Amino acid sequence: QVRLVESGGGSVQPGESLRLSCVASGINFKLYTMHWHRQAPGKERELVASITGGGSANYGDSVKDRFTISRNNIRNTVFLQMQNLKPEDTARYYCNTGFRGRDYWGQGTQVTVSP
């Protein structure tokens, strides 16, 4: 059974930082590309960043140069380091991967950025 559990969200002021974590179980973690998505109220879910098993990363245009995705294949964990947070980064952040033709999602962690 594949399970993804996110943590690390919170309420911060603009310009501050947060680090999100997602622990995966039920898969051979190092083989799978992992993704972070986010969804704000009234908006579509947005792909924030992706990282392959070998560590190659890609980012959405809105977070480039501010967010960094990384992974620890020993601890089955993917991270999202978020710096210089802006109010428009406010959303629920979800960890996601595909396994045997099916998408799996965590429950999400809320990030709120406000003065």
Side-chain angles (χ1 to χ4, degrees):
Q1 180 180 355
V2 179
R3 188 172 182 222
L4 303 173
V5 180
E6 302 97 332
S7 62
S11 295
V12 297
Q13 295 187 339
E16 294 186 338
S17 301
L18 280 174
R19 188 173 86 151
L20 307 183
S21 301
C22 171
V23 179
S25 58
I27 58 172
N28 190 346
F29 181 77
K30 65 184 179 183
L31 299 181
Y32 293 92
T33 297
M34 302 297 297
H35 312 276
W36 282 101
H37 298 250
R38 67 186 181 186
Q39 188 166 23
K43 295 188 177 181
E44 293 188 355
R45 192 166 290 188
E46 173 189 11
L47 177 61
V48 174
S50 301
I51 187 167
T52 66
S56 295
N58 285 288
Y59 299 92
D61 288 341
S62 62
V63 305
K64 278 181 182 176
D65 301 323
R66 297 189 300 122
F67 290 11
T68 302
I69 190 171
S70 61
R71 64 192 295 158
N72 184 323
N73 287 340
I74 302 299
R75 296 187 175 184
N76 288 5
T77 304
V78 59
F79 303 98
L80 186 68
Q81 178 68 46
M82 306 184 293
Q83 296 180 318
N84 189 22
L85 282 161
K86 303 176 180 181
E88 52 263 43
D89 295 317
T90 295
R92 193 162 186 87
Y93 285 70
Y94 297 89
C95 180
N96 155 256
T97 191
F99 176 67
R100 293 183 179 175
R102 178 180 167 182
D103 267 338
Y104 290 88
W105 298 85
Q107 82 288 350
T109 186
Q110 180 67 34
V111 173
T112 302
V113 185
S114 63

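Please read these numbers as outputs of a predicted model, since none were measured by experiment.
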Among Tyr94, Trp36, Tyr93, find the one that has a side chain to side chain contact (heavy atoms under 4.5 Å, CB included) with Cys22. Trp36

Within a radius of less than 6.0 Å around CZ of Arg45, do more than 12 heavy atoms belonging to other residues, nucleotides or ligands occur? yes

Can you find a pair of side-chain heavy atoms, one from Leu47 and one from His37, that are under 4.5 Å apart? yes

For Thr52 and Arg71, work out which heavy atoms get closest and say how close. O-NH1, 3.0 Å

Expected output: side-chain Asn96 to main-chain Asp103 donor-acceptor under 3.5 Å: no

Smallest separation among heavy atoms of Asn76 and Phe29, with atom names: OD1-CB, 3.3 Å

Looking at side-chain heavy atoms only, is the closest gap between Thr109 and Ser7 below 4.5 Å? no

Linked, directly or transitively: Ile69 and Tyr104 (ILVMFWY side chains, under 4.5 Å): yes

Hey, could you give me the OG/CG distance between Ser11 and Leu18, rounded to the nearest 0.5 Å? 9.0 Å

Is the shortest side-chain heavy-atom distance between Val2 and Arg102 below 4.5 Å? no

Could you walk me through whether Val63 and Arg38 pass side chain to side chain contact (heavy atoms under 4.5 Å, CB included), step by step? CA-CA 11 Å; Val63 305; Arg38 67 186 181 186; 3.9 Å; yes

Candidate list Asn72, Ile51, Leu20, test side chain to side chain contact (heavy atoms under 4.5 Å, CB included), partner Phe79, passing option: Asn72

All heavy atoms of Ala49 vs all of Tyr59, minimum pair found to be CB-CD2, 3.7 Å

Can you check whether Gln110 reaches Thr90 side chain to side chain, under 4.5 Å on heavy atoms? yes

Is it the case that the side chains of Glu88 and Ser62 hold a donor-acceptor pair, with the cut-off being a distance below 3.5 Å and no angle test? no

Distance in Å, Phe67 CZ paired with Leu85 CG, rounded so as to fall on 0.5 Å steps: 5.0 Å

Pairwise side-chain contact, Arg66 with Met82, heavy-atom cut-off 4.5 Å (strictly under): no

Determine whether a donor-acceptor pair (N or O, by modelled atom type, separation under 3.5 Å) exists between the side chain of Glu6 and the backbone of Gln107. yes

Would you check if Gln39 and Arg92 make a side-chain contact, meaning some heavy-atom pair closer than 4.5 Å? no

Smallest heavy-atom separation, Ala40 atom then Ala91 atom, equals N-CB, 3.8 Å

What's the spacing between Asn84 CG and Ser17 OG if we round to 0.5 Å? 8.0 Å

Can you hop from Trp105 to Leu4 via hydrophobic side chains spaced under 4.5 Å? no

Can a donor-acceptor pair be found, under 3.5 Å and without considering hydrogens, that links the side chain of Gln81 to the backbone of Thr68? no

Counting C-beta onward and ignoring hydrogens, is there a side-chain heavy-atom pair between Pro14 and Pro87 closer than 4.5 Å? yes

As an exercise, state the distance from CE of Met34 to OG of Ser50, rounded to the nearest 0.5 Å. 10.0 Å

Charged N to carboxylate O below 4.0 Å: is that the case for Asp89 and Lys86? no

Looking at every heavy atom in both Cys95 and Val78, which two are closest together, and how far apart are they? SG-CG1, 3.8 Å

Any donor and acceptor pair, going by atom type alone, linking the side chain of Thr97 with main-chain N or O of Thr33 inside 3.5 Å? yes

